[in-house]
Amino acid sequence: LCTLTILINCLCHLGLVDFGFSVLGSILKRGFEPNAFTFNTLIRGLCSKNVIGHALEFFRKVVALGYPRTEVTYGTLINGLCKSGDAVKAVLFLREIDQNGWCIPNLVVYNMIIDGLCKQGLEKEGMNLFTEMKGKGISPDVVTYSSMIHGLCNSCQWKEAAALFDEMMNLGIRPNIVIFTAMIDGFCKGGRLEEARALFNIMLREGVVPDCITYTCLIQGLCNSGQWKEANQLFQQMSQGEVSPSVVTFNILVTALCTEGKAKEAHELFYLMIQKGVEPNLITCNALIDGYCLLGQMDQAMEFFTSMMSRGYTPDTITYSTLIYGYCKLKRMNEAWQLVKEMANKGIIVD
RNA sequence: UGACAUAGACUGCCGCU
């Protein structure tokens with residue numbers, strides 16, 4: 001049974017949930033009793049296929065047939081609801097679990113819901129649950145704090161986020177790389193570079209080693225506040241260390257150059273990243289096209305557009321709307337319409 | 001011993017002030 005459950009897990013990770021259910025069928029046929037691990041794995045498979053409705057249906061069936069469930073079962077469903085953008089339903093489900101006495105909501109369940117609420121801009125509701133869990137004697141951990149801090153930063157409540165960070169430190173919870181980076185990114189996004197740098201230094205002092213994401217957040221912050229030189233320094237610094245820049249790091253630099261009207265340099269960076277073994281993605285291409293469009297250099301934009309397709313990239317709605325907007329600004333409506341038709345023909349959503 | 005759930009970075013327009 002354990003082996004077959006592992007098999008189901010593999011199938012689900014490959015997106016082959018239907019085959020997973022076939023395996024469940026053969027488990028039953030062989031007279032094995034599937035356990036909670038088996039059901040949890042299948043529920044998770046359905047959730048990651050974005051068919052949360054089916055996951056809930058399946059769950060109801062499991063309940064009706066009296067098969068075993070664990071707190072992970074509920075957690076998986078709640079996470080599924082949150083990831084499908086319906087944290088409110090997740091809260092309702094939490095209440096249902098509570099009222100039926102199915103299980104006592106644990107730390108992970110609260111963490112998932114708080115994160116889901118914050119990601120939907122409902123950080124006030126997240127805060128309420130944060131208080132509620134403390135009241136129930138469940139102590140928030142570093143994950144809880146990082147979800148709350150991320151949410152508060154996203155709604156520009158940096159002071160409140162920083163206060164939570166201090167609260168966590170005072171409780172003796174050791175901040176890890178994720179929460180340091182979330183807080184640093186929050187400061188950067190709010191243009192508070194001094195605070196971001198200060199926290200970065202605290203992080204080093206605490207012996208937490210910054211990774212690619214930490215550097216990338218700082219580089220973006222520096223770029224957005226016009227501190228191009230410092231951004232470059234940091235980029236060199238990370239390249240020399242153990243940390244290699246990722247495609248996101250390069251994308252941020254490409255975007256920053258383009259915003260500065262330096263599409264040509266951005267294009268050179270495009271080649272440099274390939275040389276360094278970092279494969280550009282569609283975001284890189286879109287950013288570069290926008291760079292040319294901003295300068296009104298539609299020929300260069302179109303030339304790159306053609307070359308990216310021959311490199312095997314498939315343009316998306318953003319690629320086309322960038323180009324269309326570029327032509328519109330120059331009042332070249334014929335070319336703009338041409339592209340609208342082209343994207344419609346390709347079956348790309350015209351929004 | 002070994003199978004299941006949670007947190008961090010990047011692209012266009014529009015809307016909002």
Side-chain angles (χ1 to χ4, degrees), chain A residues 1-10 12-13 35-45 47-48 69-80 82-83 90 106-116 118-119 140-151 153-154 175-186 188-189 210-221 223-224 245-256 258-259 266 280-291 293-294 315-326 328-329 350-351:
Chain A
L1 178 65
C2 173
T3 313
L4 289 172
T5 301
I6 296 171
L7 175 63
I8 293 176
N9 197 22
C10 291
C12 287
H13 275 105
N35 62 16
F37 284 63
T38 320
F39 294 118
N40 295 347
T41 307
L42 283 164
I43 288 173
R44 156 126 193 152
C47 288
S48 51
R69 290 141 288 158
T70 61
E71 46 187 6
V72 176
T73 322
Y74 303 105
T76 308
L77 281 164
I78 284 180
N79 187 41
C82 289
K83 291 286 139 70
N106 64 11
L107 174 65
V108 174
V109 164
Y110 273 102
N111 285 349
M112 292 188 287
I113 296 196
I114 287 172
D115 187 61
C118 287
K119 289 232 162 73
D141 68 355
V142 67
V143 176
T144 328
Y145 277 99
S146 69
S147 292
M148 276 312 315
I149 284 174
H150 190 220
C153 288
N154 272 340
N176 62 13
I177 183 157
V178 173
I179 193 159
F180 267 119
T181 304
M183 194 67 241
I184 288 172
D185 187 46
C188 285
K189 294 245 157 70
D211 66 4
C212 170
I213 300 184
T214 319
Y215 279 109
T216 302
C217 293
L218 273 167
I219 288 172
Q220 176 168 230
C223 286
N224 286 344
S246 70
V247 59
V248 178
T249 321
F250 278 103
N251 287 350
I252 283 163
L253 292 170
V254 167
T255 306
C258 287
T259 308
N281 60 19
L282 192 55
I283 295 182
T284 329
C285 298
N286 290 346
L288 192 47
I289 287 176
D290 186 48
C293 289
L294 282 174
D316 64 357
T317 305
I318 295 184
T319 321
Y320 276 101
S321 39
T322 306
L323 284 165
I324 291 166
Y325 187 63
C328 287
K329 272 192 303 196
V350 182
D351 63 1

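Model, not experiment: these values are computed from the prediction. A note on names: the letters A, B, ... follow the listed sequences, proteins ahead of strands, and every chain is numbered from 1.
- In this structure S48(A) satisfies the side chain to side chain contact (heavy atoms under 4.5 Å, CB included) test with no other residue, sequence neighbours excluded.
- For the salt bridge (charged side-chain N to carboxylate O under 4.0 Å, His left out) test, residues two or more places apart in sequence or in another chain that qualify with K189(A) are D185(A).
- Counting only distance, with no hydrogens or angles, the side chain of N286(A) and the backbone of I289(A) share no donor-acceptor pair below 3.5 Å.
- Taking atom CG of residue N9(A) and atom C1' of nucleotide C4(B), one finds them 7 Å apart after rounding to whole Å.
- Across all strands shown, N35(A) has heavy atoms under 4.0 Å from base atoms, whether or not it also approaches the sugar-phosphate.
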Collect all protein-nucleotide pairs involving nucleotides 15-17 of chain B in which both atoms are nitrogen or oxygen and the distance is under 3.5 Å.
none

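- When heavy atoms are screened at a 4.0 angstrom cut-off, N224(A) is found touching no nucleic acid atom at all.
- Every residue was checked against the salt bridge (charged side-chain N to carboxylate O under 4.0 Å, His left out) condition with D290(A), not counting sequence neighbours, and none meets it.
- At the heavy-atom level, K329(A) lies nowhere under 4.0 Å from the strands shown.
- In terms of the side chain to side chain donor-acceptor pair (under 3.5 Å) criterion, T76(A) has no residue partners (sequence neighbours excluded).
- For a distance-only test at 3.5 Å, the side chain of N40(A) fails to qualify as a donor-acceptor partner of the base of A3(B).
- Look at CD1 on I6(A): it is 7 Å from C1' on G2(B), rounded to the nearest Å.
- The OH atom of Y110(A) sits 18 Å away from the C1' atom of A7(B) (whole-angstrom rounding).
- Here the P atom of nucleotide A5(B) and the CD1 atom of I113(A) are 18 Å apart, to the nearest Å.
- Partners of C153(A) by side chain to side chain contact (heavy atoms under 4.5 Å, CB included), not counting sequence neighbours, listed by chain and number: I149(A), W158(A), A161(A), M183(A).
- For U6(B), the OP1/OP2 oxygens have a side-chain nitrogen or oxygen of R44(A) closer than 4.0 Å.
- Here the straight-line distance linking atom SG of C12(A) with atom CG of L42(A) works out to 5.5 Å at 0.5 Å rounding.
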Distances for protein N or O near nucleotides 8-12 of chain B N or O, under 3.5 Å:
from, atom 1, to, atom 2, distance (Å)
G8(B), OP1, K119(A), NZ, 3.0
G8(B), N1, D211(A), OD2, 3.0
G8(B), N2, T181(A), OG1, 2.7
G8(B), N2, D211(A), OD1, 2.9
G8(B), N2, D211(A), OD2, 3.4
G8(B), N2, T214(A), OG1, 3.4
A9(B), OP1, H150(A), NE2, 3.4
A9(B), O3', K189(A), NZ, 3.3
A9(B), N1, S246(A), OG, 3.1
C10(B), OP1, K189(A), NZ, 3.3
C10(B), O2, N251(A), ND2, 2.5
U11(B), O2, N286(A), ND2, 2.8
G12(B), O4', T322(A), OG1, 3.3
G12(B), N2, S321(A), OG, 2.9
G12(B), N3, S321(A), OG, 3.1

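- For the side chain to side chain donor-acceptor pair (under 3.5 Å) test, no residue two or more places apart in sequence or in another chain qualifies with N224(A).
- Here A7(B) presents its P atom at 15 Å from CG of N154(A), a figure rounded to the nearest Å.
- Counting to the nearest Å, the C1' atom of G2(B) and the CZ atom of F37(A) are 11 Å from each other.
- Distance, L7(A) CG to A3(B) C1': 11 Å, rounded to whole Å.
- Remark: Y145(A) engages F130(A) in a ring pair (Phe, Tyr, Trp, His ring centres under 6.0 Å) (not counting sequence neighbours).
- The distance from atom NE2 of H13(A) to atom P of A3(B) is 13 Å, rounded to the nearest whole Å.
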